[in-house]
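Here is the structure we will look at, set down as structure tokens.
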Amino acid sequence: MEYSTLADEILRGVGGKENVVSVVHCATRLRFKLRNTSKADAVGLKENPGVIMVVESGGQFQVVIGNHVGAVYEALVKGSALSDSGDDDTGEKGSLFARAIDVISGIFTPFIGIMAASGILKGFLALALALGWLNPESGTYKVWFAASDAMFYFFPLVIGFTAGKKFGGNPFVTMMIGGAMVHPLMIAAFEAQQPGAQGEHFFGIPLVFINYASSVIPVILAAWVSCWLEKRAMKILPSALRNFITPLICLMVVVPLTFLIIGPVATWASQQLANGYQFVYHISPTIAGAFMGALWQVCVIFGLHWGLVPLMINNFSILGHDTMMPLLLPAVMGQVGAVIGVMLRAKDARTKALAGSAISAGIFGITEPAVYGINLPRRRPFIFGCAGGAMGAAILGHFQTTAYSFGFANIFTFTQIIPPTGFDKTVTAAIAGTLIALVFAALATYFFGMKEETAAPEVTEKAKEDAAQAPRGKTLIASPMTGACIALDQVKDPTFASGLLGKGVAIFPTTGRVVSPVNGTIASLFKTHHAIGIESDDGAEILIHVGIDTVKLDGKFFTPHVAVDAVVKQGDLLLEFDMQAISDAGYDLTTPVLVTNSDDYLDVIPAAVGQDASEQTPLLTLLR
């Protein structure tokens with residue numbers, strides 16, 4: 001996959017570098033904060049084969065990429081020098097709710113992966129204790145427990161850093177404020193304080209020591225106050241003093257303020273929030289489960305799930321456990337089950353390949369490929385997935401299944417719901433509820449969710465002959481080069497071989513030139529010159545990709561002879577390339593020739609697989 005090319009196309013789609021205030025990424029999405037969303041081309045981005053979906057929610061312009069979003073993000077930042085700074089004074093503010101979602105996601109997104117990994121490791125340790133594989137007094141257990149608990153224990157440092165970046169201040173100052181909150185001296189003072197005894201004072205003002213380890217809300221508020229104070233100090237102080245006097249002011253003012261006011265007030269609010277959730281949950285855990293199981297994926301679509309993440313983390317901090325996170329497991333596996341139903345019923349190889357990839361991602365908690373790529377476009381599978389999630393989560397709610405460490409809802413969540421006392425009925429309920437969600441969604445989708453696809457008649461040989469003989473029913477695509485024709489599924493690149501980018505054929509060239517296979521217009525010319533897109537006068541969209549992974553050559557050994565928007569005739573020279581140099585560099589010269597809008601045609605039939613083709617001889621037949 002040409003990540004640098006895709007990154008460039010996405011950057012153009014969001015209105016260019018000058019329109020981007022900041023960009024971060026989560027498990028599957030690039031999350032842009034834009035100055036003007038009207039400059040973004042959401043429709044064009046949705047049509048990009050490397051983009052699954054575009055969502056505008058929570059004050060963010062979100063581009064759903066899939067599991068390789070990290071590589072796309074790196075290419076984007078490297079090529080444009082963008083940052084994830086959240087100082088968005090020049091950006092669109094949006095509603096208060098949208099800004100709150102934007103702040104929450106901006107703070108938690110950078111470390112959500114390691115936080116989930118830490119939770120999974122905690123779950124494995126709980127499983128090892130329950131099965132008697134480890135002893136809590138052993139050195140092995142203690143080392144792994146420290147690795148799993150470090151993130152949560154030092155939450156104030158981690159959140160202090162990301163909150164400082166999000167609020168547009170010095171993240172190292174806000175991280176030090178978080179560090180002061182969990183400093184051993186402060187923890188010792190908390191443990192030593194006695195009820196009714198005279199405590200410590202700060203210039204005569206009584207101090208109330210609180211254990212801020214694993215806390216969330218206090219450090220976020222402290223970071224906001226620090227950044228607010230920093231911005232005003234920077235405006236007042238002379239440039240020669242700003243770099244060290246401003247941090248000094250922030251530390252001297254905000255740290256005491258945190259222990260005197262911000263911390264106690266925020267801790268009280270955290271406790272009320274946790275108690276409020278417990279009150280609502282215990283009114284009817286079954287209804288709460290059905291509600292969360294049905295609507296969680298709807299929240300994910302619009303990015304609203306970030307509003308619930310701090311609540312779950314707060315429950316772990318205040319209560320030591322959480323009953324919300326387990327309810328999400330059936331919601332996730334319900335969508336996986338729906339994709340399984342689609343894959344089993346679908347006839348199209350491209351759909352099956354995409355579904356297989358979505359299933360593997362969904363099992364590990366990443367549902368965007370399943371939702372956007374498979375279920376939501378077909379509607380019924382998505383609905384059945386939500387219904388299965390509601391049924392399964394209602395069972396978990398009824399038995400009050402509880403999680404004891406935070407993480408993504410995925411296959412590893414089963415280890416995170418094992419109580420400290422060992423296996424009990426809540427674990428059994430979780431397994432049963434999740435299986436019910438998955439199986440119901442799969443069966444319902446298989447039998448009732450594919451009406452539009454099962455109604456489509458199978459394309460027979462006679463139908464192809466009839467279509468070929470019908471007026472205007474057949475379009476011929478000539479070969480753009482001379483070489484040996486290879487079936488597309490034999491190409492050593494799963495993206496091309498699976499047909500995800502379109503149907504077609506591949507050619508192993510014997511000459512280093514590419515000519516136009518049709519009369520048409522150059523729709524795209526990759527900046528690395530290794531691939532050309534052409535739109536024919538008949539409406540066929542053709543991609544000629546010279547070699548596999550040749551994007552890494554960054555244009556070396558390629559000489560283009562056309563530009564974007566150029567009008568070409570069949571046989572016109574488009575591109576020349578040095579076959580020997582490319583081969584010597586270790587690259588496969590196999591060249592896929594794809595019809596990227598294959599869905600617009602009844603079929604795309606290769607003319608000479610296993611044979612040699614010459615320039616301008618028939619290569620593909622498109623049937624309408």
Side-chain angles (χ1 to χ4, degrees), residues 46 52-53 55 64 66 286-302 305 327-398 409-411 429-460 463 498-500 598-600 602-603:
K46 289 177 183 178
I52 297 175
M53 182 58 67
V55 181
V64 184
T286 304
I287 294 177
F291 183 82
M292 289 298 299
L295 296 182
W296 175 252
Q297 291 300 330
V298 177
C299 293
V300 171
I301 289 173
F302 296 103
H305 60 302
L327 302 179
L328 311 181
L329 184 56
V332 169
M333 295 305 168
Q335 295 301 321
V336 173
V339 177
I340 292 174
V342 171
M343 185 178 70
L344 293 176
R345 192 60 184 267
K347 305 299 183 185
D348 180 55
R350 179 181 180 184
T351 300
K352 286 181 176 291
L354 185 59
S357 174
I359 290 171
S360 61
I363 288 174
F364 294 102
I366 309 300
T367 56
E368 280 90 342
V371 171
Y372 293 122
I374 300 292
N375 296 341
L376 197 59
R378 292 169 174 79
R379 297 186 182 180
R380 288 187 183 183
F382 179 75
I383 294 173
F384 289 142
C386 291
M391 294 166 57
I395 295 174
L396 271 71
H398 178 76
N410 58 47
I411 192 69
I431 297 173
T434 302
L435 286 176
I436 287 174
L438 188 145
V439 172
F440 169 83
L443 293 177
T445 299
Y446 183 84
F447 288 109
F448 308 108
M450 298 288 289
K451 182 177 180 180
E452 71 279 7
E453 292 194 22
T454 56
E458 184 179 353
V459 181
T460 63
S498 65
L500 287 174
S598 298
D599 291 341
D600 294 344
L602 185 66
D603 202 358

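Sequence positions, counted from 1, serve as the residue numbers for this chain. If you're wondering where the values come from, they're calculated on a predicted model, not measured in any experiment.
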Could you measure the distance from the [atom1] atom of [X] to the [atom2] atom of [Y]? Nearest 0.5 Å is fine.
X      : Y      : atom1 : atom2 : result
Ile395 : Leu327 : CD1   : CG    : 12.0 Å
Ile431 : Ile436 : CD1   : CD1   : 12.0 Å
Met333 : Leu435 : CE    : CG    : 10.0 Å
Ile340 : Ile374 : CD1   : CD1   : 12.0 Å
Ile363 : Ile411 : CD1   : CD1   : 6.5 Å

Apply the test side-chain contact (heavy atoms from CB on, under 4.5 Å) to residues Val298 and Phe382: give CA-CA distance (whole Å), side-chain angles for both, the deciding distance (0.1 Å), then the verdict. CA-CA 10 Å; Val298 177; Phe382 179 75; 4.1 Å; yes
Check: Arg380 side chain, Phe448 main-chain N or O, donor-acceptor pair, under 3.5 Å: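 Yes: the side chain of Arg380 pairs with the backbone of Phe448.
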Please step through side-chain contact (heavy atoms from CB on, under 4.5 Å) for the pair Thr367 and Asn375, ending with a clear verdict. CA-CA 10 Å; Thr367 56; Asn375 296 341; over 6 Å; no
For [X] versus [Y], what's the shortest heavy-atom pair and its separation?
X      : Y      : value
Ala441 : Ala338 : CB-N, 3.6 Å
Ala370 : Val339 : CB-CG2, 3.4 Å
Gly293 : Ala393 : CA-CB, 3.8 Å
Gly433 : Pro330 : O-CB, 4.3 Å
Gly388 : Ala437 : O-CB, 3.1 Å
Phe364 : Asn410 : C-CB, 3.3 Å

When you compare the side chain of Thr445 with that of Leu344, does any pair of heavy atoms fall below 4.5 Å?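 No, their side chains stay 4.5 Å or more apart.
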